[in-house]
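Computed from a prediction, not measured in an experiment: that's the story for all the values here. All values below were derived from every heavy atom in this structure, side-chain atoms included, with hydrogens, water molecules and symmetry-related copies excluded.
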Amino acid sequence: MKAVLIALALTLGASSAWAQDGNQPALVDALVVNARTPGPAWWSVSKGDKKVWVLGIGAPVPADAKWDGRAFERRVKASRQLILVPPSKTRFEKNTIKADRKWLDELTEAERARLAEVATQTGRKLEFYTLFRPNFAGLLINSELQARAKPKMGKLLDLSVRARRLGARLVPAGGLDAQGMKASFQVGGKDSLICLRWAMRSRDAAALRDQRAQAWMRGDVRTLLVGPAAYDPCVQAMAAMQASLENNEGALANTIAATLDRGDGAVALVGLVPLLREGGVLDQLRKRGYLIETPAQMDDED
């Protein structure tokens, strides 16, 4: 089902989005630094004279966007390795996402009216969304609103494709656990409405998308980490998925450490929140004794 695949793609995107107790994630303040010069923000992890360059990713960017990719090309060519979380290929049986109850009755009158508005915007009948569990319906709504926002995004920038063209080998680290994702959608009760209510919120999806893409291209880390777009309550409401994403952070940290311990270098792509949060990738590596440099300390010519 095409709708399922769309929502799965959005779920993967949640790997860079975290929530704690419904609020912004706890970040390591010393690591939350904007780039010194216009261009995406980089961090580095070093051991001796070996270095892994870490590019923080946090927003979808159009493939034809004008951004300064010189540092990316230079560092990928030098290291010839790209560390990243591979995309999920999970497929769901229908009973995994099929509605477990008449959750429409649990919404307020205003929420039902808002859902009807959303259905009109996406070209669906309201009843279509009630066929699914509410947390999955929320992912689907968010994805469809993004897809229909005008002007349309078009093709997105794919850094892994660019790295392969530059001769880099892709090094997978972690990945979304299929059983964890399936268990996540089976959560019941009021908690499963959190994702739906978040997805239905009023916002200018196209304007927000453009704002975040521009912030990423100029290295404005603080803008990317502020506001409701910086975290995803859907993840918080799905404990099994949150645990899977935490495992990804550990896998990324381990892969970066193993690369340095072998005396190699690499470029790594890591979502900004898992990169900078307390207990996240850089925090784990810092505690293991690796040297961390922030965008404010980086030499743009390295």
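Here the side chains of Ile83 and Thr259 are in contact, with some heavy-atom distance below 4.5 Å. Residues Val85 and Val270 fail the side-chain proximity criterion, which asks for heavy atoms closer than 4.5 Å. Leu272 is listed as a side-chain neighbour of Leu225, based on a closest heavy-atom distance under 4.5 Å. Using a 4.5 Å cut-off on side-chain heavy atoms (C-beta onward), Val45 and Val54 make contact. A heavy-atom distance below 4.5 Å is not found between the side chains of Trp42 and Thr294.
Of all the heavy atoms in Ala59 and Ala213, the pair that sits closest is CB-N, 4.0 Å. The two atoms that bring Trp216 and Gly58 nearest to each other are CD1-N, 4.1 Å, heavy atoms only. For the pair Val221 and Ala41, the tightest heavy-atom approach, listed with the atom from each and the gap, is CG2-CB, 3.5 Å. Of all the heavy atoms in Ala251 and Gly174, the pair that sits closest is CB-N, 3.5 Å. The two residues Val33 and Pro295 have their closest heavy-atom pair at O-CG, 3.5 Å. Across every non-hydrogen atom of Gly280 and Glu249, the tightest pair is CA-OE1, 3.6 Å.
Counting heavy atoms of neighbouring residues, nucleotides and ligands inside a 6.0 Å radius, atom CZ of Arg112 exceeds 12 of them. No more than 12 heavy atoms of other residues, nucleotides or ligands shown are found within 6.0 angstrom of CZ on Arg165.
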Mind running side chain to side chain contact (heavy atoms under 4.5 Å, CB included) on Asn135 and Leu193 for me, showing each step along the way? CA-CA 6 Å; Asn135 45 22; Leu193 292 170; over 6 Å; no

Would you sort out whether Val52 and Gln81 count as a side chain to side chain contact (heavy atoms under 4.5 Å, CB included), showing the intermediate values? CA-CA 10 Å; Val52 171; Gln81 293 191 98; over 6 Å; no

Could you go step by step and tell me if Gln121 and Arg148 meet the side chain to side chain contact (heavy atoms under 4.5 Å, CB included) rule? CA-CA 8 Å; Gln121 293 173 27; Arg148 288 178 174 268; over 6 Å; no

Decide yes or no on side chain to side chain contact (heavy atoms under 4.5 Å, CB included) for Phe132 and Asp100, but give the supporting numbers first. CA-CA 8 Å; Phe132 303 103; Asp100 57 336; over 6 Å; no

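Put simply, the side chain of Trp43 gets close to the backbone of Leu31: a donor and an acceptor are under 3.5 Å apart. In this structure, Arg212 contributes its side chain and Pro60 its backbone to no donor-acceptor pair below 3.5 Å. Formation of a donor-acceptor pair under 3.5 Å by the Asn254 side chain with backbone atoms of Gly250 is found in this model. Arg75 places no side-chain N or O within donor-acceptor distance of the main-chain N or O of Val267, the cut-off being under 3.5 Å. Checking side-chain atoms of Ser143 against main-chain N and O of Leu139 turns up no donor-acceptor pair under 3.5 Å. Using modelled atom types, one side-chain atom of Asn34 and one backbone atom of Arg222 make a donor-acceptor pair closer than 3.5 Å.
Leu282 and Leu27 fall within the same hydrophobic cluster, defined by Ile, Leu, Val, Met, Phe, Trp and Tyr side-chain heavy atoms under 4.5 Å apart, directly or through other members. A continuous path of hydrophobic side-chain contacts links Leu84 to Leu159 [ILVMFWY only; heavy atoms under 4.5 Å]. Ile256 and Leu291 are members of different hydrophobic clusters when ILVMFWY side chains are connected at heavy-atom separations under 4.5 Å. Both Leu260 and Leu252 belong to a common hydrophobic cluster when Ile, Leu, Val, Met, Phe, Trp and Tyr are linked at side-chain heavy-atom distances under 4.5 angstrom. A continuous path of ILVMFWY side-chain contacts below 4.5 Å connects Leu157 to Leu55, so both sit in one hydrophobic cluster.
With sequence neighbours excluded, the residues that form a side chain to side chain donor-acceptor pair (under 3.5 Å) with Ser44 are Glu293. Residues that satisfy the side chain to side chain donor-acceptor pair (under 3.5 Å) test with Arg80, not counting sequence neighbours, are absent from this structure.
Between the CZ atom in Arg124 and the OH atom in Tyr129 there is a gap of 5.5 Å [rounded to 0.5 Å]. Between Leu145 atom CG and Asp204 atom CG the span is 11.5 Å, to the nearest 0.5 Å. Annotation: the span from Met217 atom CE to Gln214 atom CD amounts to 3.5 Å, rounded to 0.5 Å. Here Asp29 contributes atom CG and Glu278 contributes atom CD; the two are 8.0 Å apart, rounded to the nearest 0.5 Å. Rounding to the nearest 0.5 angstrom, the gap separating the CD atom in Gln211 from the OG1 atom in Thr223 is 6.5 Å. Atom CG of Leu115 and atom CG of Leu126 lie 4.0 Å apart (nearest 0.5 Å).
A salt bridge does not link Glu111 to Arg114: none of the charged side-chain nitrogens sits closer than 4.0 Å to a carboxylate oxygen. By the 4.0 Å N-to-carboxylate-O rule, Asp283 lies too far from Arg277 to be salt-bridged with it. For Lys102 and Asp105, the salt-bridge test fails: no basic side-chain N is under 4.0 Å from an acidic carboxylate O.
Only one option out of Leu196, Ile97, Ile141 pairs with Phe136 in a side chain to side chain contact (heavy atoms under 4.5 Å, CB included); it is Ile97.
Of the N and O atoms on the side chains of Tyr290 and Gln284, not one donor lies less than 3.5 Å from an acceptor on the other residue.
Figure legend: Arg74 and Trp53 shown without cation-pi pairing, the cationic atom not lying both under 6.0 angstrom from the six-membered ring centre and within 45 degrees of its axis. Under a cutoff of 6.0 Å and an axis angle of 45°, Arg201 and Trp198 form a cation-pi pair.
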